[in-house]
Asker: 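What follows is a single structure, and I will ask about it in a moment.
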Amino acid sequence: MGTQESVTGFTTADLPDGRIFVAGAFREGRGAEIESRFPADNSLNRVMREAGPEDLDEAMAAAQQAAADPGWRDLLPHRRADYLYRIGQGIAENADRISYIQSRDTGKTLRETYALAMSAAGTFRYYAAALETMEESITPSRGPWMTFSRYEPIGVVAAITPWNSPIASDAQKVAPALAAGNAVVLKPATWSPLVALEFARIVSESGLPAGLLSVLPGGGQTIGDGLVSHPATGRISFTGGTKVGHAIAEKAAQRLVPVSLELGGKSPTIVFPDADMDQALAGILYGMFSSSGQSCIAGSRLFIHRSIYRSFLERLVAATKELKVGHPFDANTQVGPLIHPAHVASVARWVDVARSEGGRILTGGARPVGDLYKEGYYYLPTVIDGVDNKATICQEEVFGPVLVAMPFDNEDDVIRMSNDNQYGLACGVWSQDIGRAMAIGKAITAGTVWINTYKQFSISTPFGADKESGIGREKGLEGLRAYMRQKSYYLGDPGVYLPWALPAMKDSG
Ligand SMILES: NC(=O)C1=CN([C@@H]2O[C@H](COP(=O)(O)OP(=O)(O)OC[C@H]3O[C@@H](n4cnc5c(N)ncnc54)[C@H](O)[C@@H]3O)[C@@H](O)[C@H]2O)C=CC1
Ligand SMILES: CN(C=O)/C=C(\CC(=O)O)C(=O)O
């Protein structure tokens, strides 16, 4: 793979050395030994030790101490912003390196991982700017006092992230949590431990006081569960699968710890006959098969109006066959490998489920063959039809490059089918009748509606959903408030003496 590696300007020597980041220092973890491997060819990234329970306890103690330190707790917002600006600048200056490390971690293409790195840099800049401009609120007085809200830090935030877009999801939690004046203990996914450690290096170089961030790669059942259960955890911010989200929410409920949950999806995309077909085709391919389909918002259920079903589906299948499935370092690659062999097997099992339900595999449905693919964790972009919306393959999240297409007859029909699903994360509508598209978007249960576009993100726009797709919102100012505690103040007017009892109630007789 040397030739591919050389195009990056980096080698595996540039990968983080695998030490975890605890209370401002890098050191070997005291947990299990793991291997991090490159999904493109199964080559070794690092052998490292994950965090152990002792590391978690030390990180949490340091976080508590750092959060309570007046030097941080009482720091004025624009001074906290200085740290976030420095971290954002550090990420931007190291974007190529972060991109390489994240690609080695996850198998995502360099184009995708560079975009995620710059997204993370923008996230830190956005929340720094928010800190400098966010206003508190004086509420209309209803008595001889002035009323206003103050927003205070929570204390220690447990941030738990998935493997599909680690640097972006790490930043979307750590930046607002620090901006709000908290300390953060971050646990990245077991399958993508390295880029979070590069992130830790950049944060460390920003001069952020020790203890305010620790990064503990470790198992979900050990470090993840330990974070959720730890008495010092004041808020849990989780992104991952719905099943784990439920488990975390149940644990958090025992201590009434607030949670934000960014979970799974099975998002519908709808194509009307008046859509710009070329635009819709490009958007649907990107919305489904970029990130190799490993995206929470992947448009994995495609509803095509019956009048154009055959013609549009034929174009879609032909275009899917043309997608470049290749090495993540190849600039022409559109679809790279999946994260892990176990995930390839999971995706293949879902395609077998579709077959068992009468699904027709119109393209894909297998691993690619050829020297390039034999060591990597590849799976072909797959399009299936011939099943109805009640089928398991239409109800469950695959989190891989598998699209299911179905016809619809009218707006009521497609709204009903779109909502007939446990998830409610996102939806896409392709129509040049914007009034209709807005009405469809309003009627579908989804946290994000894309109209004549798809899978576009902005840190200034809240993201999240309901039903089995989560609780709460990330990004935007809502994403900042989530890491604060609102406190109401009543400031009594001078010289006003409160009557002993409230004015007598009017005689109700
Ligand atoms: N809604 C959103 O914004 C996003 C949602 N996702 C979802 O994430 C999933 C794929 O990511 P995975 O890492 O496979 O999800 P996962 O749920 O298996 O793991 C997510 C994180 O939780 C940890 N974890 C696992 N069990 C835990 C437990 N009992 N207690 C605490 N932590 C635990 C894991 O180690 C990992 O760090 C998909 O369902 C996808 O839809 C992914 C990206 C964005
Ligand atoms: C939530 N989200 C982006 O904000 C999801 C993404 C892209 C990313 O993580 O940046 C995804 O699932 O691919």
Side-chain angles (χ1 to χ4, degrees), residues 31-32 34 50-51 56 105-106 108 112 116 119 123 158-173 185-196 215-230 233 236-252 254 257 259-267 290-300 338-340 342-344 346-347 350 396-400 402 421-426 446-448 455 457 459 461-475 479:
I34 61 165
E50 292 186 314
L56 173 61
D105 231 355
T106 64
K108 268 188 164 175
E112 289 171 334
L116 293 171
S119 160
T123 295
I160 301 171
T161 52
W163 45 260
N164 70 316
S165 303
I167 190 69
S169 45
D170 295 349
Q172 285 163 20
K173 296 180 187 301
V185 178
L186 167 65
K187 192 205 82 65
T190 304
W191 285 348
S192 59
L194 296 178
V195 71
V215 176
L216 305 180
Q221 305 293 335
T222 52
I223 301 303
D225 189 58
L227 268 175
V228 168
S229 311
H230 199 284
T233 295
I236 299 160
S237 180
F238 172 75
T239 298
T242 294
K243 183 180 174 190
V244 175
H246 273 277
I248 289 173
E250 285 169 22
K251 274 252 161 96
Q254 291 164 18
V257 175
V259 296
S260 57
L261 302 175
E262 300 280 355
L263 306 179
K266 193 73 177 186
S267 298
S290 62
S291 311
S292 307
Q294 297 169 128
S295 169
C296 60
I297 47 78
S300 50
L338 305 192
I339 182 76
H340 190 278
H343 193 51
V344 173
S346 168
V347 171
W350 280 118
E396 298 295 337
E397 179 182 60
V398 174
F399 210 58
V402 178
N421 191 281
Q422 61 183 321
Y423 296 111
L425 192 57
T448 297
K455 196 178 177 181
F457 298 108
I459 188 57
T461 304
F463 181 89
D466 307 291
K467 293 173 69 175
E468 292 298 306
S469 292
I471 298 174
R473 294 297 185 268
E474 289 195 328
K475 302 185 184 181

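One-based numbering along the sequence shown. In each ligand, atom 1 is the first atom listed, and ligand 1 is the first ligand listed.
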Asker: Please report the interatomic distance OG1(T448) to NZ(K455), rounded to the nearest 0.5 Å.
Answerer: 13.0 Å
Asker: Please check whether N164 reaches ligand 1 - meaning an N/O of the residue sits under 3.5 Å from an N/O of the ligand, judged on distance alone.
Answerer: no
Asker: Donor-acceptor check, side chain of E397 to backbone of K266, threshold 3.5 angstrom: yes or no?
Answerer: no
Asker: Going by distance only, is there an N or O of W163 that falls short of 3.5 Å from an N or O of ligand 1?
Answerer: yes
Asker: Tell me whether ligand 1 is touched by P188 - counting only heavy atoms on the residue side and a distance under 4.0 Å.
Answerer: yes
Asker: Output yes when the distance from some N or O of ligand 1 to some N or O of L263 is under 3.5 Å, and no in every other case.
Answerer: yes
Asker: Are the side chains of E112 and S291 in contact, using a 4.5 Å heavy-atom criterion?
Answerer: yes
Asker: Compare E262, K187, K251 and give the one whose heavy atom is closest to atom 34 (C) of ligand 1.
Answerer: K187
Asker: Could you tell me if T161 and K173 have a donor-acceptor pair between their side chains, going purely by distance under 3.5 Å?
Answerer: no
Asker: Please verify whether a non-hydrogen atom of W191 lies at under 4.0 Å from ligand 1.
Answerer: no
Asker: What atoms of ligand 1 come closer than 4.0 angstrom to any heavy atom of D225?
Answerer: 30 (N), 31 (C)
Asker: CG of L261 to CD1 of I160: how many Å apart, nearest 0.5 Å?
Answerer: 10.0 Å
Asker: One residue to check: V244. Relative to ligand 1, which of side chain, backbone, both or neither has a non-hydrogen atom less than 4.0 Å away?
Answerer: side chain
Asker: Quick one: look at E397 and ligand 1, take heavy-atom pairs under 4.0 Å, and tell me if it's side chain, backbone, both or neither.
Answerer: side chain
Asker: Does any part of the side chain of V402, heavy atoms only, come nearer than 4.5 Å to the side chain of W350, both counted from C-beta?
Answerer: no
Asker: Within the distance-only criterion (no hydrogens, no angle test), does the side chain of H343 pair as donor or acceptor with the backbone N or O of F399 below 3.5 angstrom?
Answerer: yes
Asker: Please enumerate all residues that pass side chain to side chain donor-acceptor pair (under 3.5 Å) together with K251, with sequence neighbours excluded.
Answerer: D225
Asker: Between A247 and ligand 1, which part of the residue brings a heavy atom under 4.0 Å of the ligand: side chain, backbone, both or neither?
Answerer: neither
Asker: Kindly confirm or rule out an N or O of L425 lying under 3.5 angstrom from an N or O of ligand 1.
Answerer: no
Asker: On the ring face of F463, is K475 found with NZ or CZ under 6.0 Å from the centre and within 45° of the axis?
Answerer: yes
Asker: Please determine if T161 has a nitrogen or oxygen closer than 3.5 Å to a nitrogen or oxygen of ligand 1.
Answerer: yes
Asker: Have a look at ligand 1 and work out which part of F399, if any, has a heavy atom under 4.0 Å from it: side chain, backbone, both or neither.
Answerer: side chain
